[in-house]
Visitor: 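One structure coming up, written as structure tokens, with questions to follow.
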Amino acid sequence: MILTLLDFQILAAALFSLGLYGVLARRSAVMVLMAVELMLNAVNINLVAFSAFRPIPVVTGQVIAIFVITVAAAEVALALAVIMRLYRRRGTVNVDEINLMKG
Amino acid sequence: MGLVLFYILGTITIVAALGVVTTRNIVYGALFLLVSLSGVAGLFVVLFAEFLALVQLLIYGGAIIIVILFALMLTRETDFSTATEHRRWPFAALVSLALFGLLAGSAIGDSGKYNTYTRTGFGIEDLGVGLFENWAVPFEVASIILLVALIGAIVIGRSGDDEDNADKTGERGEQ
């Protein structure tokens with residue numbers, strides 16, 4: 001029994017599905033953000049695994065994973081600024097109650 | 001050896017991720033997220049991506065978790081029950097299970113082509129050369145993204161003049 005690419009793909013699929021469940025089911029905006037981080041990490045596992053399981057390894061997967069981490073850091077900073085502004089203005093971070101643009 | 005490490009780290013990652021999306025206490029959720037992201041860093045080591053494992057621990061474990069904990073403290077919900085599941089959570093579980101079946105099924109269907117390969121690594125010099133030769137322009141764009149996000153977060157998060165008299169209860173009442 002040897003470690004194959006399929007093991008990492010199944011693990012990443014499970015992590016991504018858990019993140020999707022968190023995005024859909026949680027009501028706190030901060031929890032939704034944490035579930036998005038789980039999904040980004042599942043993508044990173046896939047990128048690095050595809051980069052490693054090759055006859056000749058290529059750096060492309062790891063480089064793109066570094067870019068994903070960079071964008072994730074920027075996204076978290078901006079999203080938390082928006083959430084804090086929202087909390088000061090509306091007194092809640094429950095995404096069900098943020099319906100100002102509802103027609 | 002790699003297989004044993006993979007199963008230990010994978011179990012830690014998945015169980016902690018399950019804790020993130022199901023726990024009732026949000027602070028516990030953030031700490032579960034830290035465990036899960038550390039498990040992913042361990043998986044990067046199994047894949048011979050040591051530099052990425054260090055970056056993962058530094059950025060996620062050191063920076064993002066701290067920022068999320070700050071946000072949790074500053075926007076604390078008094079009632080934890082409002083922060084947990086939406087009442088239609090079975091549909092969310094169904095959708096995510098269907099997505100898992102789709103992804104795993106397609107991966108298993110394609111596995112014959114790739115399963116002959118074993119994992120190999122490369123030195124950190126190759127990563128640096130690839131990052132600064134083939135990917136030099138995206139690297140510079142990423143630095144601009146970080147700068148814009150920094151300034152944007154400061155501008156958005158700064159307490160404005162309009163917030164002191166923003167009626168927190170009145171606006172919610174008319175919804």
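Sequence lines set the chain letters: A, B, ... in the order given, protein chains first and strands last, and positions in each chain run from 1. Side-chain atoms are counted along with the backbone in the values below, which use heavy atoms only and exclude waters and symmetry mates.
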Visitor: Is chain B contacted by the side chain of Q62(A), its backbone, both, or neither, given a heavy-atom distance below 4.5 Å?
Guide: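 The answer is both parts of Q62(A).
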
Visitor: Is there a chain of hydrophobic side chains (I, L, V, M, F, W, Y, each step under 4.5 Å between heavy atoms) that links L97(B) to L18(B)?
Guide: no

Visitor: Transitively linked via ILVMFWY side-chain contacts under 4.5 Å: V59(A) with F51(B)?
Guide: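 Yes.
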
Visitor: Check whether V46(B) gets within reach of chain A through its side chain, its backbone, both or neither, counting any heavy atom under 4.5 Å.
Guide: side chain

Visitor: How far does CG of L47(B) sit from OG of S51(A), to the nearest 0.5 angstrom?
Guide: 8.5 Å

Visitor: Shared ILVMFWY cluster between L3(B) and L5(B), side chains joined below 4.5 angstrom?
Guide: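 As far as the 4.5 Å side-chain criterion goes, L5(B) and L3(B) are connected within one cluster.
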
Visitor: Given heavy-atom pairs under 4.5 angstrom as the criterion, report whether the side chain, backbone, both or neither of L80(A) touches chain B.
Guide: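 Contact with chain B: side chain only.
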
Visitor: Would you compute the distance between atom CZ of F67(A) and atom CH2 of W135(B) and round it to the nearest 0.5 angstrom?
Guide: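 One gets 6.5 Å once the value is rounded to the nearest 0.5 Å.
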
Visitor: As a quick check of understanding, evaluate side chain to side chain contact (heavy atoms under 4.5 Å, CB included) for T70(A) and I145(B), giving each step before the final call.
Guide: CA-CA 9 Å; T70(A) 309; I145(B) 286 177; 5.8 Å; no

Visitor: Could you look at A30(B) and say if it's the side chain, the backbone, both or neither that has a heavy atom under 4.5 Å from chain A?
Guide: both

Visitor: With chain B, which of A65(A), A42(A), P55(A) has the greatest number of heavy-atom pairs at distances under 4.5 Å?
Guide: P55(A)

Visitor: Could you tell me whether F8(A) and F6(B) have their ring centroids closer than 6.0 angstrom?
Guide: yes

Visitor: State, yes or no, whether a side-chain contact exists between F139(B) and V63(A) at a heavy-atom distance under 4.5 Å.
Guide: no

Visitor: Does any backbone or side-chain atom of V23(A) lie under 4.5 Å from a heavy atom of chain B? Answer side chain, backbone, both or neither.
Guide: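 Contact with chain B involves no heavy atom of V23(A) at all.
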
Visitor: I need the residue from G2(B), G130(B), A17(B), S143(B) with the largest number of non-hydrogen atom pairs under 4.5 Å to chain A.
Guide: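 Most heavy-atom pairs under 4.5 Å with chain A: A17(B).
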
Visitor: Which atoms of F53(A) are under 4.5 Å from chain B, going by heavy atoms: the side chain, the backbone, both sets, or neither?
Guide: both

Visitor: Can you see which heavy atom on A25(A) is nearest to which on A92(B), and at what distance?
Guide: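 Of all heavy-atom pairs spanning A25(A) and A92(B), the closest is CB-CB, 4.0 Å.
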
Visitor: Under 4.5 Å from any heavy atom of chain B, what part of I64(A) do you find: side chain, backbone, both or neither?
Guide: side chain

Visitor: Do you know which two heavy atoms are closest between G22(A) and V21(B), and how far apart they sit?
Guide: CA-CG1, 3.6 Å

Visitor: What part of F44(B) gets closer than 4.5 Å to chain A, counting heavy atoms only: side chain, backbone, both or neither?
Guide: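 When you check distances to chain A, only side chain atoms of F44(B) fall under 4.5 Å.
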
Visitor: Based on non-hydrogen pairs under 4.5 Å, which of L20(A), I66(A), N41(A) is most in contact with chain B?
Guide: N41(A)

Visitor: I need the minimum non-hydrogen distance between L15(A) and S36(B), along with the two atoms involved.
Guide: CD1-OG, 4.3 Å

Visitor: Please find the pair of heavy atoms, one from R85(A) and one from R158(B), that lie closest to each other, and give the distance.
Guide: NH1-O, 3.1 Å

Visitor: Contact part of Y7(B) toward chain A, heavy-atom cut-off under 4.5 Å: side chain, backbone, both or neither?
Guide: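 Contact with chain A: side chain only.
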
Visitor: Do the side chain of R119(B) and the main chain of L5(A) share a donor and acceptor less than 3.5 angstrom apart?
Guide: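 Checked: no pair found.
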
Visitor: List the atom of A49(B), the atom of V48(A), and the distance in Å for their closest heavy-atom pair.
Guide: CB-CG1, 3.8 Å

Visitor: Restricting to non-hydrogen atoms, name the atom on Y60(B) and the atom on I69(A) that form the minimum distance, rounded to 0.1 Å.
Guide: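 Result for this residue pair: CE1-CG1, 4.1 Å.
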
Visitor: Go through the atoms of V30(A) and report whether side chain, backbone, both or neither lie under 4.5 Å from a heavy atom of chain B.
Guide: side chain

Visitor: Please tell me whether V129(B) and V58(A) are part of a single hydrophobic cluster in this structure, the criterion being side-chain heavy atoms less than 4.5 Å apart.
Guide: no

Visitor: So how far is it from N44(A) CG to L37(B) CG, rounded to the nearest 0.5 Å?
Guide: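 If I round to the nearest 0.5 Å, the distance is 10.0 Å.
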
Visitor: For V20(B), does its backbone N or O pair with a side-chain atom of R26(A) as donor and acceptor, under 3.5 Å?
Guide: yes

Visitor: Measuring from atom CD of E37(A) to atom CD1 of I64(B), what distance do you get when rounded to the nearest 0.5 angstrom?
Guide: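 Between E37(A) CD and I64(B) CD1, I get 4.5 Å after rounding to 0.5 Å.
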
Visitor: Nearest 0.5 Å, what's the CD1-CD distance between I108(B) and Q9(A)?
Guide: 9.5 Å

Visitor: What residue, out of T13(B), D126(B), I14(B), has the most heavy-atom pairs lying under 4.5 Å from chain A?
Guide: I14(B)

Visitor: Atom CG of L103(B) and atom OG of S17(A): how far apart are they, to the nearest 0.5 Å?
Guide: 5.5 Å

Visitor: Classify the angle between the aromatic ring planes of W89(B) and Y21(A) as parallel (below 30°), tilted (30 to 60°) or perpendicular (above 60°).
Guide: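 The rings of W89(B) and Y21(A) stand perpendicular, inter-plane angle above 60°.
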
Visitor: Report whether L24(A) and L99(B) are members of the same hydrophobic cluster (ILVMFWY, side-chain heavy atoms less than 4.5 Å apart, transitive linking).
Guide: yes

Visitor: Of the backbone (N, CA, C, O) and the side chain (C-beta and beyond), which part of A104(B) lies under 4.5 Å from a heavy atom of chain A, both, or neither?
Guide: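 Interface part for A104(B): both.
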
Visitor: Relative to chain A, which segment of L74(B) carries a heavy atom at a distance below 4.5 Å: side chain, backbone, both, or neither?
Guide: both

